[in-house]
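Note that the structure is a prediction, hence the values are computed from the model and not measured. Residue numbers begin at 1 in each chain, while the letters A, B, ... track the order of the sequences.
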There are 4 protein chains.
Amino acid sequence: MKEPIIKPSRSALRRQRDKEYRYQSILNAAEKLFAEKGYHQTSMEQIGDLSEVSAATVYSYFRNKEDLLLTAMRKSGYEFRKMIGDAFGAADHSMDGLKNAGLSFFRDFCLKHPEKAIILFREAVGQGEEVEDQRKKLFMKMALDIKNALLKLSDNIGFKYESDRSAEIMAVSIVGIYAQIACHYMIWDDSSCNLMDIADSAVAFTIGGVSSLISNEKSKPN
Amino acid sequence: MKEPIIKPSRSALRRQRDKEYRYQSILNAAEKLFAEKGYHQTSMEQIGDLSEVSAATVYSYFRNKEDLLLTAMRKSGYEFRKMIGDAFGAADHSMDGLKNAGLSFFRDFCLKHPEKAIILFREAVGQGEEVEDQRKKLFMKMALDIKNALLKLSDNIGFKYESDRSAEIMAVSIVGIYAQIACHYMIWDDSSCNLMDIADSAVAFTIGGVSSLISNEKSKPN
Amino acid sequence: MKEPIIKPSRSALRRQRDKEYRYQSILNAAEKLFAEKGYHQTSMEQIGDLSEVSAATVYSYFRNKEDLLLTAMRKSGYEFRKMIGDAFGAADHSMDGLKNAGLSFFRDFCLKHPEKAIILFREAVGQGEEVEDQRKKLFMKMALDIKNALLKLSDNIGFKYESDRSAEIMAVSIVGIYAQIACHYMIWDDSSCNLMDIADSAVAFTIGGVSSLISNEKSKPN
Amino acid sequence: MKEPIIKPSRSALRRQRDKEYRYQSILNAAEKLFAEKGYHQTSMEQIGDLSEVSAATVYSYFRNKEDLLLTAMRKSGYEFRKMIGDAFGAADHSMDGLKNAGLSFFRDFCLKHPEKAIILFREAVGQGEEVEDQRKKLFMKMALDIKNALLKLSDNIGFKYESDRSAEIMAVSIVGIYAQIACHYMIWDDSSCNLMDIADSAVAFTIGGVSSLISNEKSKPN
DNA sequence: AATGAATGAGCTTTCATTCAT
DNA sequence: GATGAATGAAAGCTCATTCAT
């Protein structure tokens with residue numbers, strides 16, 4: 001049965017647009033405040049103030065405060081993964097891709113959206129069951145992405161890792177490296193100015209670790 | 001004039017011992033609960049209940065709830081550093097020492113005191129200014145320890161890193177790797193059973209990264 | 001460009017009125033309880049109960065418990081001063097005005113609002129720095145009002161006091177007399193029935209004191 | 001039956017003396033702190049600290065905190081009454097006696113023991129049922145003393161007041177005057193330097209009030 | 001749809017007081 | 001008798017969340 005196509009009226013469109021705009025401005029406000037003052041130190045009223053609505057209105061866009069954090073985290077996670085994926089793909093899944101992905105993380109993610117990095121690596125940590133559960137899922141996906149990239153890479157070069165596990169562990173390690181470097185040099189000790197130099201070293205370390213395992217495998221029979 | 005030497009009475013000694021015991025049992029209770037239910041989900045009363053004192057008594061041993069977290073974090077941090085330092089030193093600051101330190105972290109720290117790892121890597125994160133400040137200091141010390149170990153290592157082998165910075169970044173990366181592996185395979189996905197296998201791989205990755213940079217340096221003129 | 005005139009809607013007006021009503025009923029409840037049971041013996045919850053709101057609501061109308069006491073004190077102080085001022089003015093600032101003011105204090109202030117007198121002369125005393133500071137300021141204003149009345153009075157009669165100080169001291173004394181009489185015969189020893197007889201005597205004493213000083217001055221060669 | 005007379009041993013005597021000394025030093029500490037920081041702002045521990053005993057020891061000398069306040073108040077009250085009585089008696093219960101008593105209050109009581117005045121006129125006010133009850137009794141006794149003095153005075157001069165009540169009211173008023181002047185010029189506005197000038201005026205006002213009523217009576221038939 | 005207002009549900013914290021030693 | 005230690009009992013206060021308008 002065909003649904004009658006209702007052409008949305010002009011005002012309905014505007015309303016729709018306004019709504020979307022509100023949603024974003026609230027979310028942005030939350031991100032900003034969570035990153036700046038911390039999740040617990042931010043009240044719903046402050047989020048309302050910054051996004052120019054009342055605290056009650058925030059509730060018609062987000063289930064609750066936790067939902068705001070979850071959404072912000074998911075969004076950041078999504079961008080993280082996209083960035084990594086794009087960078088890796090752009091270099092045909094080569095070793096250079098791995099390098100690019102690492103540099104891109106620092107250049108395009110951390111430096112451009114520090115608040116996202118802070119939420120992902122600090123504010124979403126230690127905030128109770130539901131958040132932790134989502135964070136776990138997200139980080140597992142991130143690790144999986146990297147693991148797949150590593151597998152593709154080895155495929156391309158024509159070697160394989162000792163085990164599937166091995167690639168996974170490397171992936172998890174890489175996530176750890178990036179997270180810690182971001183935390184250390186951007187969040188704690190504001191070295192934003194020369195973060196890219198640091199990034200170079202960190203990426204070199206990463207590549208070194210990966211290569212060494214690949215080489216090791218290479219020399220092995222089988 | 002001779003000061004009378006006040007020999008602590010037997011009862012005073014016992015009281016002293018009792019007090020120390022209380023202090024420890026409260027701190028242990030807090031660690032356990034923070035790790036199990038989360039910092040914010042734990043009330044002072046629950047800590048009192050578990051350590052068989054009243055909440056008010058908890059306050060005569062610790063300034064406030066934050067103080068408990070800080071103390072727990074500091075303690076965990078201290079043990080982390082000691083473990084790493086001992087393991088590295090036990091192998092004469094050689095490359096094996098680096099390996100031992102890594103394995104020791106997983107074997108003697110994570111598996112034996114998972115609640116300490118959880119506090120260090122999860123519950124102490126995202127808990128406001130003071131805690132964050134202390135955490136930063138602690139993690140910087142941890143990174144410094146590892147950096148110094150790396151420097152000693154290179155001295156022993158007779159090579160040096162491209163720069164001081166370079167060693168530092170490796171150290172920070174190593175902290176990141178360990179933290180993330182612990183989080184991933186122990187906290188999230190309880191693979192405690194075979195954590196040591198995972199540890200092997202992670203350590204291999206670490207060693208690979210370090211070696212590669214050392215080798216790279218080696219091949220460089222000067 | 002013309003600003004659109006925002007006419008407050010009917011509902012907004014009602015809300016405004018409701019709010020004002022709430023504020024008053026909370027303040028009245030606090031006054032009643034402070035006077036009856038004492039400031040420290042009254043909890044925020046009890047104030048909420050009596051004014052039929054929750055304790056949390058009390059906090060959205062008053063900063064804290066102290067704020068309630070301060071407000072109550074200020075309000076009582078304002079009414080005290082108004083009453084005295086009116087009574088004195090109504091009799092053209094004559095000696096009769098002084099008398100009227102005294103009688104009015106007992107008749108219209110103490111007997112009609114005993115809780116206000118109790119707050120002013122008992123509950124606001126000895127309650128810490130901020131309250132004491134405000135109380136001091138209030139009582140100084142009260143004394144100043146009376147002093148000015150005394151000065152006007154002497155002007156009217158054509159005599160002057162030995163010094164400005166002298167009038168001030170009389171004023172302070174008068175405040176003391178009224179406060180003590182109220183405390184003694186209304187708060188402690190409920191003689192409300194014949195408080196006005198007592199008032200007559202107290203006022204007579206006051207007038208006597210003032211007159212005597214005026215006379216003394218009169219007889220002095222300027 | 002005759003009690004055997006036990007001659008107290010030397011050590012028992014010393015113990016007795018020590019105990020008395022402790023009692024006084026605790027009470028003094030409490031007076032000092034109550035006057036300086038306020039009753040509620042003073043904790044038992046602080047009282048202990050200042051008198052060099054533990055808070056628990058304070059409880060073997062005084063029933064509770066309220067008891068300390070009550071004792072301090074009673075002691076101050078006793079000295080107030082003694083001072084007034086002596087001064088009045090020293091001048092043969094004449095009008096000069098009244099004057100002396102007033103001056104003595106300011107000179108020998110307020111200036112010498114400001115903390116006593118503060119406790120009597122500020123800290124003991126508004127502190128709950130039991131304290132208020134004792135305070136009432138004390139102030140009634142004080143008023144009665146003065147009333148009796150006034151009656152003796154009128155006897156001496158050969159006139160009488162309109163009624164017994166009349167003398168009582170004057171007495172209460174006088175207490176009020178002294179209390180307020182002390183509060184105003186010593187506690188609030190530290191005019192200790194010239195408090196005696198102020199005292200002169202206040203006493204003059206008092207005497208004026210009394211005289212006027214006596215004169216009034218005198219001129220009346222009967 | 002937006003919001004002012006109300007509140008439930010906690011939580012931390014303080015202290016006077018007691019008691020075993 | 002002195003005291004270190006423990007605690008009961010509140011109290012003040014905050015905030016995420018709900019709901020009537």
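Between D:D49 atom CG and F:dT3 atom C1' there is a gap of 13 Å when expressed in whole angstrom units. Rounding to whole angstrom units, OH of residue C:Y59 and P of E:dT7 are separated by 15 Å. Between D:M44 atom CE and F:dT3 atom C1' there is a gap of 14 Å when expressed in whole angstrom units. In this structure, C:K65 places its NZ atom 8 Å from C1' of F:dA11, rounding to the nearest Å. Here the P atom of nucleotide F:dA9 and the CD atom of B:E45 are 12 Å apart, to the nearest Å. Rounded to whole Å, atom P of E:dA5 lies 13 Å from atom CG of C:L13. We find that CD1 of B:I26 is positioned 12 Å from P of F:dA5, with the value rounded to whole Å. Computed from coordinates, the B:E66 CD to E:dC11 C1' distance equals 15 Å when rounded to whole Å.
Proximity of C:M44 to C:K65: side-chain heavy atoms (C-beta onward) are separated by under 4.5 Å at one or more points. With contacts defined as side-chain heavy-atom distances shorter than 4.5 Å, the pair C:V131/C:V125 does not qualify. Between C:Q127 and C:R135 the shortest side-chain heavy-atom distance does not fall below 4.5 Å.
Residue D:K19 is classed as having no contact, given no heavy-atom separation below 4.0 Å to the nucleic acid. C:R22 comes within 4.0 angstrom of sugar-phosphate atoms only, judged by non-hydrogen atoms across all strands, and of no base. C:D18 comes within 4.0 angstrom of nothing in the nucleic acid, heavy atoms only. Among the heavy atoms of the strands lying under 4.0 Å from D:Y61 are primed sugar atoms or P, OP1, OP2 only; no base atom is included. At a threshold of 4.0 angstrom between heavy atoms, the contacts of D:S43 are confined to the sugar-phosphate backbone, with no base atom among them.
Taking the nucleotide of DNA chain E with the nearest heavy atom to each of B:T42 and D:A55, the more 5' of the two is matched to B:T42. Between B:E52 and C:Y39, the one whose closest nucleotide on DNA chain F sits nearer the 5' end is B:E52.
Taking the six-membered ring where tryptophan is involved, the planes of C:Y39 and C:F34 are perpendicular, since the angle between them exceeds 60° and thus also 30°.
Put simply, C:R63 has no side-chain N or O that comes within less than 4.0 Å of OP1 or OP2 on F:dC13. For the OP1/OP2 pair of E:dA6 and a distance below 4.0 Å, the side-chain nitrogens and oxygens of C:T57 include no atom meeting the criterion. Side-chain N/O atoms of D:S60 include one lying less than 4.0 angstrom from OP1 or OP2 on F:dA2.
F:dT21 and E:dA2 make up a base pair, with Watson-Crick or G-U wobble contacts both under 3.5 Å. Pairing for E:dT7 is with F:dA16, a Watson-Crick or G-U wobble pair whose two hydrogen-bonding atom distances lie under 3.5 Å.
Comparing F:dT17, F:dC13, F:dT21 against the side chain of C:N64 picks out F:dC13 as the nearest. Of all nucleotides listed (E:dT3, F:dG8, E:dT12), E:dT3 comes nearest to the side chain of A:A56.
Screening C:V53, C:V58, C:L27 for a side chain to side chain contact (heavy atoms under 4.5 Å, CB included) involving C:R22 leaves a single residue, C:V53.
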Could you go through B:E20 and B:R17, starting from their C-alpha distance and side-chain angles, then the distance that decides it, and tell me whether this counts as salt bridge (Lys or Arg N to Asp or Glu O under 4.0 Å)?
CA-CA 5 Å; B:E20 179 58 26; B:R17 214 176 342 101; over 6 Å; no
